[in-house]
Structure formats: structure tokens, C-alpha cells
Participant: 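The structure's right below; bear with me while I get my questions together.
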Amino acid sequence: MATAQITPSMTGPAKPAAIIDEGEYSGAKARLVMEGFARCVVARHRTAVMRAIAFPPMSLDENKALGKLVDDKCLLNGTMNFSPVHFRGGLYTALYRERFGAGMGTLKADAVDFAFGVTLSPGSAMASGVALRKFLDCAVRRQPAAAHQVVTGKAGSAMENAGFSALMAGLSACVDKNARLRFTRTELEGLIAEVLYLDTIAPELPGIEK
């Protein structure tokens, strides 16, 4: 959760996200706020962000590291409530757009270890998260241009919707018949960003935590 007290004059990548209307946000509106919040966090705390997302997804270490990244100065007004899955996805979306917003990169030939070297317990939340990433890795490699549209398109835009439609059309070829995968569109966008970022040959971006 983030609560804001911020100077409105902050601009550029570190510009805080703004909640325009009162009430509960969902769907594209919620994704737009997260996009702005995560972009600001990356701009202000790059080194800590890179450390946090280096932990296995859904691990205790990741949860603690992401919690320390919640920055009141990245929210202009109001309050945000979000899960580690949404925050991690927002950070990867910001990182991918920063590096590849102007054009796609080249996908790595080698598969990514989405378990980050950790031995997984069957049926655990971490194992399910890795299975979902492997599934999306297949989809991204089959439709990289569509995945790029999803991640770089504004939430709720025609570009994002077209990318989702193209990506979804080929998902059946990637589904393990024994797998049970559940996700929301918001979770899916962030996971696609993570998979696409890790699948892409990207030099380490320099940065100093502020």
C-alpha cells in the first residue's frame, strides 16, 4: 500500500502517478496508475529495483524487497493497494518500456531459468508462478511482436488490445493439458513484461539508488 505526500512539480520519469477519481480502480484504470507508480519507483530506486526482481517470484525475500520499494513520493494523491505480483509486473513493464519502447530487441536463443536457480516444491505458489512464466515464454516466443504491443501499449488502448488478441490466439499451442493456470489480465500484462524483458538481450542499465 502507498499513501502520497508529494510536491506536484516533479516531472520526467520520476513524475508520481495520480489517482483522478475517487473509488476503487480496476482493469485498465488500475493498470494505468500502476504503470505511473512503477515508472517513478524505477527512476528513483533503480539499484534496489534490480535487486528486488532478482529474487524468485513469490518468495519471502522478494516480498520483503518489494515492500521496501513502496515510495509515497511516487503517488500524487490517494492510496494504492496491490499485490507483489502486480508490483513486480509493473516494475518489469517500466524497465522494458524504458529500454525497448522505441523498438523491439532480439530474443535470446537460450531458455530463461524462471526459477532463478531455486528448487521448487511441487504445488507451491512459487512452482505455479514458474509454470505460468514458462507457458508465457512459449507464447512470447511464438508472437514476440504481439507481446511487445501488450507491454508498450497504453493500458486499455487499441494497441494493447490488439496485442492481447494476437497473443491469445496462439496460446492453445503452449498449454500443458495437465496444467491449471489462473490469472487476471492485469497479472498477465506484468508477467508478459517480465518474460519478454528476460527473454530479450538487454545490457544492464546503469543506475544509482537515490
Side-chain angles (χ1 to χ4, degrees), residues 1-3 13-14 17 30-31 33-75 79-100 108 110-140 147 150-151 155 179-200 202-210:
M1 181 176 73
T3 305
R31 295 201 303 277
V33 176
M34 175 54 78
E35 287 172 6
F37 182 76
R39 182 176 60 248
C40 173
V41 170
V42 168
R44 289 174 54 81
H45 307 285
R46 180 180 304 278
T47 301
V49 166
M50 302 310 292
R51 283 200 300 263
I53 62 176
F55 288 117
M58 306 186 80
S59 66
L60 289 176
D61 287 331
E62 178 219 35
N63 193 40
K64 291 177 182 177
L66 291 178
K68 293 178 181 178
L69 286 172
V70 176
D71 187 346
D72 291 354
K73 292 184 178 180
C74 285
L75 188 62
T79 300
M80 289 178 67
N81 292 285
F82 48 80
S83 69
V85 173
H86 293 152
F87 193 20
R88 183 185 180 97
L91 295 173
Y92 268 112
T93 297
L95 288 168
Y96 184 85
R97 287 179 175 181
E98 181 183 70
R99 178 63 180 86
F100 299 107
K108 298 175 182 177
D110 298 331
V112 174
D113 176 16
F114 293 106
F116 290 73
V118 174
T119 301
L120 303 172
S121 300
S124 66
M126 287 177 62
S128 298
V130 170
L132 182 53
R133 285 165 174 81
K134 288 181 177 179
F135 158 67
L136 289 174
D137 179 62
C138 169
V140 165
V150 169
V151 180
R180 293 183 178 181
L181 303 174
R182 296 180 180 179
F183 46 80
T184 65
R185 179 158 170 166
T186 299
E187 291 171 341
L188 189 61
E189 179 191 287
L191 288 166
I192 291 169
E194 177 174 350
V195 169
L196 189 56
Y197 183 85
L198 295 176
D199 273 350
T200 303
E204 182 66 23
L205 297 171
I208 300 175
E209 185 182 11
K210 298 179 180 179

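All values reported here derive from a predicted model rather than from experimental measurement.
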Participant: What about the rings of Tyr197 and Phe100, do their centers lie closer together than 6.0 Å?
Facilitator: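 Judged by ring-centre distance (under 6.0 Å), Tyr197 and Phe100 do not meet the cut-off.
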
Participant: Heavy atoms, side chains only, cut-off 4.5 Å: are Glu35 and Glu189 in contact?
Facilitator: yes

Participant: Taking all non-hydrogen atoms of both residues into account, name the closest pair between Lys108 and Leu198 and its distance.
Facilitator: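 Taking every non-hydrogen atom into account, NZ-O, 3.4 Å.
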
Participant: Rounded to the nearest 0.5 Å, what separates atom CG in Leu91 from atom CE in Met50?
Facilitator: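 Reported to 0.5 Å precision, the distance equals 10.0 Å.
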
Participant: For residues Val130 and Met58, determine if any side-chain heavy atom of one lies less than 4.5 Å from a side-chain heavy atom of the other.
Facilitator: no

Participant: Report the C-alpha distance between Phe114 and Val195 in whole Å, list the side-chain angles of each, state the deciding distance to 0.1 Å, and finish with yes or no for side chain to side chain contact (heavy atoms under 4.5 Å, CB included).
Facilitator: CA-CA 9 Å; Phe114 293 106; Val195 169; 4.0 Å; yes

Participant: What I'd like to find out is whether the side chain of Phe82 reaches to under 4.5 Å of the side chain of Val70, using heavy atoms alone.
Facilitator: yes

Participant: Would you indicate whether the side-chain heavy atoms of Phe87 and Met34 approach each other to under 4.5 Å?
Facilitator: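 Counting from C-beta outward, Met34 and Phe87 do come under 4.5 Å.
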
Participant: Within the distance-only criterion (no hydrogens, no angle test), does the side chain of Arg133 pair as donor or acceptor with the backbone N or O of Gly129 below 3.5 angstrom?
Facilitator: yes

Participant: I want to check something: taking the side chain as every heavy atom from C-beta on, are Val150 and Leu196 in contact at a cut-off of under 4.5 Å?
Facilitator: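 Side chain of Val150 against side chain of Leu196, heavy atoms only: no contact under 4.5 Å found.
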
Participant: Do Val151 and Tyr92 have side-chain heavy atoms sitting under 4.5 Å apart?
Facilitator: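 The answer is no; the side chains never approach within 4.5 Å.
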
Participant: So, the side chain of Glu98 versus the backbone of Ala94: is there a donor-acceptor pair under 3.5 Å, distance only?
Facilitator: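 Checked: no pair found.
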
